[in-house]
Engineer: 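Here it is: the structure, laid out below.
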Amino acid sequence: MGEPIHVPLLDLSQQNQPLSAELKETFARVLDSSQFILGPEVEAFEQQIAADVGARHAIGVSSGTDALLLSLMALGIGPGDEVLCPSFTFFATAGSVSRVGATPVFVDSLDDDFNLDLEDAARRITDKTRAIIPVHLFGQAADMDAVQRIANAHGLKVLEDAAQSMGTQFAEKKAGTMGDLCAFSFFPSKNLGGFGDGGMITTNDDALAERVRILRVHGGAPKYYHKAIGGNFRLDPLQAALLRAKLDQLPNYIGKRRANAATYLDRLGESAPVRADRLVLPSELPGRTHTWNQFTVRVVDGKRDALMQHLAANKIGSAIYYPVPLHRQECFAELPGIGERLPVCEKMADEVLSIPIYPELSAGQINHVINTIADAPF
Ligand SMILES: *Cc1c(COP(=O)(O)O)cnc(C)c1O
């Protein structure tokens, strides 16, 4: 027996260490510039993201959460409005709807891809429904054809939540180009992970882009003349410059995540069904490009927590994204109709477990995860 192999859920130092010299140079460049609010570093990063995503506009903001909030503000969503969103997602998706005074209307998810069930969404449309937020969860796009059909039929605005999914595609179309607006996040655990908080809004709509830019700086246009009430939602030049130094690597990171996922799917899946009785593996649906921000398995029959402990005992990190669906959160308990069950996402919350998938995993580490799952005590 050699040294026990340690496999953390995420290892940022392995990603950033090879770029250390470039990142330090970048820091020095911004330090020397003394430009610490907006300006050329933010603009250069915005232009590169717009080009990569294929959107007309990219606007750097303070976080993925603020990208969602600011997008809803720019769309003019507010009190009396209903916004459809998944219940099985990170809190910010629905939290931002409530923060603009609108009502989140929770939609069940699909077993296939953890994303919105668009038939369930259609059933929940009322004359107050103004927008829909498809989340591209874990790195795979929601069914944007179905989203577009519903949005067109009912005049809804579409806000993509691609916080976990920069680079993902739905039938040749990239996340960030398929809605009226799109929110990205550079939280360190995302596929393009920053050095603190950061986010980006993309859009092909010139007027919406202009509104977002004005609301990003308190709604002043020109400065100190306020037609609208905005906030401080700016991305720091330092963050923008450091992220731009990493941006070239994004296709490489995604490629490695995809290779790691392929290994898991091959060895845990059909060609060698290690635990087919207990494990439901995620999949890449036809016509979509999964970017695997998370590799999330489902462990059936109440064995999820046992597997998590077994992994931990073997020095393997894992996490539950997400343990409580949003329609079961205390802060939403007063929403109308909230007692209704959303059976698929409730089941998912009991079964999901995300295992290490980060780009820098070694073959030995991946082997250790697969072997450890293979002799799980169930
Ligand atoms: C991370 C995330 C957010 C929020 O992004 P932050 O940058 O952490 O504010 C929003 N939605 C989803 C689905 C996320 O995963």
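Worth knowing before you read on, the calculation uses all heavy atoms, side chains too, and leaves out hydrogens, waters and symmetry mates. Whatever order the structure lists them in is the order used to number ligands and atoms, beginning at 1. Note that the coordinates shown come from a computational prediction; the quantities given were computed from them, not determined experimentally.
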Engineer: For atom 4 (C) of ligand 1, what is the closest protein heavy atom, and at what distance to 0.1 Å?
Structural biologist: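 For this ligand atom, the closest protein heavy atom is Thr65 OG1, 3.5 Å.
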
Engineer: Against heavy atoms of Thr89, which atoms of ligand 1 measure under 4.0 Å?
Structural biologist: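 Checking each atom against Thr89, I get 13 (C).
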
Engineer: Considering only non-hydrogen protein atoms, determine which one is nearest to atom 14 (C) of ligand 1 and report residue, atom name and distance to 0.1 Å.
Structural biologist: Lys190 NZ, 3.0 Å

Engineer: How about Asp206 and His57: does a side-chain donor come under 3.5 Å of a side-chain acceptor?
Structural biologist: yes

Engineer: Can any side-chain N or O of Arg124 pair as donor or acceptor with the backbone N or O of Leu84 at less than 3.5 Å?
Structural biologist: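 Absent.
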
Engineer: Out of all atoms in ligand 1, which are within 4.0 Å of some heavy atom of Val135? Include the element for each.
Structural biologist: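 Counting atoms of ligand 1 from 1, those under 4.0 Å from Val135 are 13 (C).
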
Engineer: Treating Glu160 as the side-chain partner and Gly176 as the backbone partner, does any N or O pair qualify as donor plus acceptor under 3.5 Å?
Structural biologist: yes

Engineer: Say whether Phe91 and Leu72 are linked into one hydrophobic cluster, either directly or through other cluster members, by side-chain heavy-atom distances under 4.5 angstrom.
Structural biologist: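 Shared cluster, no.
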
Engineer: Could you find the nearest protein heavy atom to atom 8 (O) of ligand 1 and give me its residue, atom name and distance?
Structural biologist: Phe187 CD1, 3.7 Å

Engineer: Can you confirm whether the side chains of Arg216 and Asn232 place a donor and an acceptor under 3.5 Å from each other?
Structural biologist: no

Engineer: Looking only at protein heavy atoms, which one is nearest to atom 13 (C) of ligand 1, and how far off is it?
Structural biologist: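 In this structure, atom 13 (C) of ligand 1 has Asp161 OD2, 3.4 Å as its nearest protein heavy atom.
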
